[in-house]
Amino acid sequence: MTVRQNSLKNFVFEELNDNNRERSPTSTPTHLLIAQISLRKNQPRRYFDPQKLAELTQSIRQHGILEPLLVRPLERSGQPYELVAGERRYRAALEAGLLEVPVTLRELTENEAIAISLIENLQREDLNPVEETEGILQLLGVRLDLSLSEVIATLYRMRNELSGSVSQNVLTNDTGKEIQEIFESIGTINWKSFITARLPLLKLPSNILEALRQGKIAYTKAQVIATVKEEGQRQKLLNEALAQDYSLVQIKEKIKNLTTSQPITDSPKNRIRVLTT
């Protein structure tokens with residue numbers, strides 16, 4: 001486990017233990033029927049690489065699940081347990097045809113379950129910039145009890161205060177301090193770089209955003225392709241960049257050629273020029 005993963009895990013579990021001193025933080029691993037476990041409605045991870053999932057499925061067929069899934073008990077009937085962490089293993093287990101899976105049961109509130117799901121997602125080595133951005137925003141929202149729009153607005157107020165354009169004392173209040181603490185615990189990016197380099201990703205066109213989410217293109221290339229205003233040209237360039245694995249330099253050259261090859265507008269002024277030559 002990396003330093004980053006240890007930091008994140010300690011960060012969330014220290015808080016859970018502080019809030020739940022009277023509850024046992026973990027229980028002995030046991031087995032449950034997979035049909036008894038339901039997925040959370042808003043799982044933080046949206047994309048699973050088909051090849052890697054197939055490889056895990058084959059491994060589970062041969063060796064079983066080596067690390068238990070983390071689940072919490074629910075009060076509703078039918079599917080009395082909810083998956084908190086381990087969705088990739090859960091999906092692979094379904095594909096492998098397992099009827100039961102090893103689990104660790106833990107009593108968790110809704111916010112605690114969300115936090116752990118987000119932390120597990122942020123620990124992934126193959127995490128792409130879009131997933132990391134969305135995960136960090138959700139984690140901030142859970143920790144601060146704010147909506148995503150409120151989190152983003154607070155981050156921008158912190159940036160504006162740091163630049164001296166406004167004086168709001170956000171950096172030194174409890175919310176600002178907690179945001180800085182969370183970014184220190186995450187360890188991959190500081191809050192200033194997050195605002196500058198990551199928040200703009202969420203404003204990218206949907207097709208480029210999806211390619212980023214699936215790890216098909218680097219975010220530096222995605223940002224450059226997004227500067228093409230005409231939708232058809234932008235889609236064509238994206239398709240070519242993915243198919244031929246264009247470098248950033250090649251993408252910029254393609255965009256330059258698009259700009260220089262724009263047809264002359266058939267305006268009255270241009271028609272007069274043609275008639276008088």
Side-chain angles (χ1 to χ4, degrees), residues 41-54 87-88 91 118 121-122 124-141 146-157 159-160 163 165 188-189 191-274:
K41 293 181 180 180
N42 297 311
Q43 287 288 90
R45 188 171 186 178
R46 302 180 189 179
Y47 176 74
F48 295 85
D49 184 284
Q51 181 177 347
K52 291 182 179 178
L53 189 60
E87 184 177 357
R88 199 167 75 96
R91 289 175 179 270
L118 291 168
N121 195 48
L122 289 171
R124 287 168 41 213
E125 297 295 342
D126 62 342
L127 193 65
N128 66 62
V130 176
E131 290 180 315
E132 184 177 42
T133 300
E134 293 172 335
I136 289 173
L137 287 174
Q138 291 178 62
L139 181 60
L140 289 169
L146 297 175
S147 68
L148 294 186
S149 61
E150 289 172 329
V151 170
I152 292 172
T154 301
L155 288 169
Y156 279 125
R157 285 199 298 270
R159 184 195 63 179
N160 293 339
S163 67
S165 59
T188 58
I189 188 170
W191 66 269
K192 291 169 283 188
S193 297
F194 182 81
I195 295 169
T196 303
R198 295 302 177 81
L199 287 185
L201 294 180
L202 302 182
K203 298 178 182 179
L204 292 173
S206 59
N207 56 342
I208 296 179
L209 194 63
E210 187 59 29
L212 257 179
R213 181 175 284 115
Q214 295 182 16
K216 294 181 178 179
I217 191 169
Y219 78 94
T220 50
K221 297 179 183 179
Q223 287 176 311
V224 174
I225 293 174
T227 62
V228 178
K229 301 302 181 184
E230 204 282 312
E231 184 177 352
Q233 291 180 333
R234 187 175 63 238
Q235 181 66 60
K236 181 181 178 182
L237 179 57
L238 175 62
N239 292 342
E240 290 178 356
L242 295 178
Q244 301 183 41
D245 194 22
Y246 285 162
S247 68
L248 186 58
V249 172
Q250 288 174 309
I251 291 172
K252 289 180 178 179
E253 186 64 28
K254 290 285 184 180
I255 293 174
K256 182 180 178 181
N257 292 338
L258 282 175
T259 305
T260 56
S261 63
Q262 290 296 323
I264 298 174
T265 304
D266 187 25
S267 66
K269 183 177 179 180
N270 287 330
R271 288 199 297 271
I272 292 171
R273 185 187 308 154
V274 171

Asks: For Thr196, what residues pass the side chain to side chain contact (heavy atoms under 4.5 Å, CB included) criterion, not counting sequence neighbours?
Replies: none
Asks: Which residue pairs satisfy the salt bridge (Lys or Arg N to Asp or Glu O under 4.0 Å) criterion with at least one member in residues 191-209, sequence neighbours excluded?
Replies: Glu132-Arg198
Asks: I need the full list of ring-ring contact (aromatic ring centres under 6.0 Å, His included) pairs touching residues 200-240, with sequence neighbours left out, sorted by first then second residue.
Replies: none
Asks: Just how far is it from atom CG of Leu148 to atom CD1 of Ile152, taken to the nearest 0.5 Å?
Replies: 6.5 Å
Asks: Test of understanding: with salt bridge (charged side-chain N to carboxylate O under 4.0 Å, His left out), list the residues that count as partners of Arg91, not counting sequence neighbours.
Replies: Glu87
Asks: Please, which pairs that meet salt bridge (Lys or Arg N to Asp or Glu O under 4.0 Å) have at least one residue in residues 206-222, sequence neighbours excluded?
Replies: Glu134-Arg213, Glu210-Arg213, Lys221-Asp245
Asks: What residues, two or more places apart in sequence or in another chain, satisfy side-chain hydrogen bond (donor to acceptor under 3.5 Å, both in side chains) together with Thr154?
Replies: Arg157
Asks: List the residues meeting side-chain hydrogen bond (donor to acceptor under 3.5 Å, both in side chains) with Ser206, not counting sequence neighbours, and say none if there are none.
Replies: none
Asks: Would you please name every residue forming a side chain to side chain contact (heavy atoms under 4.5 Å, CB included) with Gln51, sequence neighbours left out?
Replies: Asp49, Glu55
Asks: Quick one: CG on Leu238 to NZ on Lys236, what's the gap to the nearest 0.5 Å?
Replies: 13.0 Å
Asks: Output side-chain donor-acceptor pairs under 3.5 Å for residues 222-230, partner residues at least two apart or in another chain, one line each.
Replies:
{"residue": "Thr227", "atom": "OG1", "partner": "Val224", "partner atom": "O", "Å": "2.5"}
{"residue": "Glu230", "atom": "OE1", "partner": "Gly232", "partner atom": "N", "Å": "3.0"}
{"residue": "Glu230", "atom": "OE1", "partner": "Gln233", "partner atom": "N", "Å": "2.7"}
{"residue": "Glu230", "atom": "OE2", "partner": "Gly232", "partner atom": "N", "Å": "3.2"}

Asks: State, to 0.1 Å, how close Lys52 and Arg88 come at their nearest heavy-atom pair, and which atoms those are.
Replies: O-NH1, 3.5 Å
Asks: Identify, with sequence neighbours excluded, every residue that meets ring-ring contact (aromatic ring centres under 6.0 Å, His included) alongside Tyr246.
Replies: none
Asks: State the CG-CD1 distance between Leu155 and Ile136, to the nearest 0.5 angstrom.
Replies: 10.0 Å
Asks: Atom CG of Leu237 and atom CD1 of Ile208: how far apart are they, to the nearest 0.5 Å?
Replies: 8.0 Å
